[in-house]
Amino acid sequence: MSLQLHNSLTGKKEVFKPIEAGKVGMYICGVTVYDYSHVGHARVMVVFDIVYRWLKQLGYDVNYVRNFTDVDDKIIARAAESNIDIQALTDEMIDAFHQDMDGLECLRPSLEPRATTHMDEMIAMIEALIARDCAYVSSSGDVLYAVRSFEGYGQLSGKDIDDLESGSRVDVDESKRDPLDFVLWKKAKKGEPSWDSPWGQGRPGWHIECSAMSCKHLGNTFDIHGGGMDLKFPHHENEIAQARAANDGQFARYWLHNGFVNINAEKMSKSLGNFFTIREVTENFHPEVLRMFILGTHYRSPLDFSDAALDAAKAGLDRLYETKRRIGETTTGIEQVSLPQGFCDALNDDFNTPEALAEVFECSRRINKALDAEEDVSTDIQYFAAMLALLGIVQQDAASWFQGNDEDTDAIEKLLAERMQAKKNRDFARADAIRDTLKAQGIVLEDTASGTTWKRG
RNA sequence: GGCAGGGUGGCCAAGUGGUAAGGCAGAGGUCUGCAAAAUCUCCACCGCGGGUUCGAUUCCCGCCCCUGCCUCCA
């Protein structure tokens, strides 16, 4: 089975064929760096991390580009509020973003371009648009894109320009030829960062950034463009309008959009204020739990966020870690092997991670069963490790997963030794008392043939 | 109003024209000194009403309900 993916452009699942055999160019809309990233961002990054990992697994040479929007109204406002330098703010937030992503086991993209270092490309693209009569300088001094000049406008989002206007919530702006026209270049206001341009001092609009950076690093036509569902319109629609009008290229051939993270069945978003940052969540849960939670649902479906859901993800991970711990006790020298067919089929089918996880759990059960029966499980053990490595979960040491690695464990070990002695003397009352004492501290004991292990419950 | 995507066991969540993966939770058994872990067994008539079909949860039509986009948003 070859890779099939759901293309938002056609609304259908299609067989993936790269432009150039063996190579894939992929652009994902990154974050605007004015604040810590939230769980919604985590989902995008994890989802496309899986896409990236899987494409690489299939043998493609992937050029994965993900941008940082580091010039924007919100950044300017936040910097002013906090009374810090814009660059200091964006640098700090980019650092924080990288920490969050590392915790989530997201591989770094091939390239992470910043908007502020691509002014020349954006200006050139805007010039091309003006030259082709697709853009104009408005009476306010901004450069605007003339939406009606682009025939295919609305194709990605399935919208009709006239429908958009009739039910429009777009501000009517006298300087616009058409209410839907959007800003390519904003005329500078005093005190705001600005760059030289043929239209005077100013800064780029949001949409032009992605068109310019993707085309620069991946070419005018490239394979995959992705991002959150909310970017489909108008952001991605505008990206297409800009890039195609300026370059003639086809722009992205496959568009992938992930579903939202919801809270109480409502979209998590900055504007609603109902969001949790990744750092807030990882205060109480290991980042792998968040990753597991995300992988448990197909990327295009909505995902309801709650503590209960995270608890369930954690419980599932614990189960896998139990298997990992047992494997650690019984095997040596695990080799990397190919992945099982069912797992590959799942991921080839539009990145069906829930199905892939089901394969992992089934493999886990087979291993436990065989280990109980003292049968050979070497193949499954290798499959198990390979699947987990691909998914980027259960990558911690099993002992530290269960026991933590920063706290003093001498006291625990001492009590365990005492209990072992009591058990030997068949003083079960004493042994159970010790177990209860530890349980009160949140420590659960497990007696196995090879001794007693413990974990934090 | 326009457009898009959904409604599957207590919860989460895959999937298929021929009677439904997996996880969490629960019940019972095995194992264990007892537990824990592991393992086994059990737990769904797939929103409602029609239609097509030998047969539909899966296709078509209608209805109800939910969410999203149409403004910045991952």
Side-chain angles (χ1 to χ4, degrees), chain A residues 8 11 28-32 37-48 72-74 154 157-160 162-171 179-180 182 206 226-235 237 257-262 265-272 275 292-293 296-298 300-304 306 308-320 322-323 325-326 342 346 349 352-362 364-365 367-373 402 423 426-429 431-432 435-436 439 444-449 452-455 457:
Chain A
S8 302
I28 305 302
C29 289
V31 291
T32 300
S37 299
H38 60 66
V39 177
H41 299 118
R43 188 177 193 193
V44 185
M45 303 315 156
V46 168
V47 161
F48 289 102
D72 165 89
D73 290 344
K74 286 173 180 156
S157 50
K159 295 187 186 304
D160 181 85
D162 295 315
D163 287 345
L164 280 169
E165 300 210 335
S166 59
S168 181
R169 284 189 270 163
V170 181
D171 290 337
L180 291 173
F182 58 89
W206 177 40
M229 206 86 95
D230 47 355
L231 298 186
K232 209 166 170 182
F233 188 92
H235 184 56
E237 198 68 59
H257 291 100
N258 65 275
F260 297 124
V261 175
N262 294 154
E266 207 178 36
K267 178 185 169 187
M268 176 187 290
S269 74
K270 292 275 193 180
S271 33
L272 289 172
F275 62 92
M292 180 73 170
F293 163 68
T297 299
H298 185 86
R300 285 193 284 115
S301 302
L303 175 58
D304 247 333
S306 67
L310 290 175
D311 284 337
K314 158 101 167 44
L317 271 184
D318 282 346
R319 184 180 169 79
L320 298 178
E322 285 290 355
T323 300
R325 176 155 76 174
R326 293 185 70 182
D349 183 14
N352 191 334
T353 52
E355 184 80 49
L357 277 175
E359 294 286 331
V360 172
F361 278 105
E362 279 164 10
S364 166
R365 175 178 299 118
I367 290 170
N368 286 324
K369 212 167 153 179
L371 251 29
D372 285 347
F402 287 122
K423 277 180 66 177
R426 302 194 67 77
D427 180 1
F428 296 121
D432 290 352
R435 187 166 63 197
D436 289 345
K439 193 177 179 186
V444 180
L445 301 190
E446 292 173 24
D447 294 330
T448 70
T452 301
T453 61
W454 62 274
K455 64 185 179 187

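Lettering follows sequence order; numbering is per chain, from 1. If you're wondering where the values come from, they're calculated on a predicted model, not measured in any experiment.
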Quick one: do A:Lys439 and A:Asp436 make a salt bridge, cutoff under 4.0 Å? no
Need one value for A:Val261: base, sugar-phosphate or nothing, where a base atom within 4.0 Å counts as base even if backbone is also close, heavy atoms only. base
Rounded to whole Å, please give me the gap between CZ in A:Arg365 and P in B:C24. 9 Å
Contact check, side chains of A:Asp349 and A:Glu355, non-hydrogen atoms, under 4.5 Å: no
To the nearest angstrom, the CE-C1' distance between A:Met268 and B:A74 comes to 11 Å
A:Gly259 near the nucleic acid: base, sugar-phosphate alone, or nothing, with a heavy-atom cut-off under 4.0 Å? base
Interatomic distance where CD belongs to A:Glu322 and P belongs to B:A37 [whole Å]: 8 Å
Please report the distance separating the C1' of B:G9 from the corresponding atom of B:G26, rounded so that it comes out in whole Å. 12 Å
Could you check whether A:Phe260 gets within reach of a base, just the sugar-phosphate, or nothing at all, counting any heavy atom under 4.0 Å? base
Assign A:Gly296 to base, sugar-phosphate, or nothing according to its heavy-atom contacts below 4.0 angstrom with the strands shown. sugar-phosphate
For A:Met229 and B:U67, what is the distance between atoms CE and P respectively, to the nearest whole Å? 15 Å
Identify which nucleotide among B:A74, B:A21, B:G2 has an atom closest to any side-chain atom of A:Glu362, counting heavy atoms from C-beta outward. B:A21
Using the closest heavy atom to pick a nucleotide of RNA chain B for each, name whichever of A:Thr323 or A:Ala312 lands nearer the 5' end. A:Ala312
Are B:G22 and A:Phe361 stacked, with the base six-membered ring and the side-chain ring centres under 5.5 Å apart and planes under 30°? no
Reckon A:Lys159 touches a base, only the sugar-phosphate, or nothing at all at heavy-atom distances under 4.0 Å? base
Starting at CZ of A:Arg326 and ending at C1' of B:A36, how long is that distance when rounded to a whole Å? 13 Å
So does A:Arg435 reach the base of B:C34 with its side chain, donor to acceptor, closer than 3.5 Å? yes
Using a cut-off of strictly less than 4.0 Å, decide whether A:Lys267 has a side-chain nitrogen or oxygen near OP1 or OP2 of B:C69. yes
B:A38 C1' sits how many Å from A:Lys369 NZ, rounded? 12 Å
Is A:Ala315 touching bases, backbone alone, or none of the nucleic acid, heavy atoms closer than 4.0 Å? sugar-phosphate
Is the base of B:C34 touched by the side chain of A:Asp447 through a donor-acceptor pair closer than 3.5 angstrom? yes
Look at all strands and tell whether A:Thr297 reaches a base, only sugar-phosphate, or nothing, counting heavy atoms closer than 4.0 Å. sugar-phosphate
At 4.0 Å (heavy atoms only), tell me whether A:Asn258 reaches a base, stays on the sugar-phosphate, or touches nothing. base
Sugar-phosphate only, base, or nothing, as touched by A:Leu445 at under 4.0 Å among non-hydrogen atoms: base
A:His257 NE2 - B:G5 P separation (whole Å): 14 Å
From the set B:G15, B:C72, B:A74, return the single nucleotide nearest to any side-chain atom of A:Lys74. B:C72
Can you check the A:Arg319 CZ to B:A25 C1' distance for me, whole Å? 13 Å
Considering every strand and a 4.0 Å limit on heavy-atom distances, what is the contact class for A:Glu359: base, sugar-phosphate, or nothing? nothing
Going by modelled atom types, is there a donor-acceptor pair between the base of B:G33 and the side chain of A:Asp432 at under 3.5 Å? yes
Give A:His38 one of three labels, base, sugar-phosphate or nothing, depending on what nucleic acid heavy atoms sit under 4.0 Å from its own. base
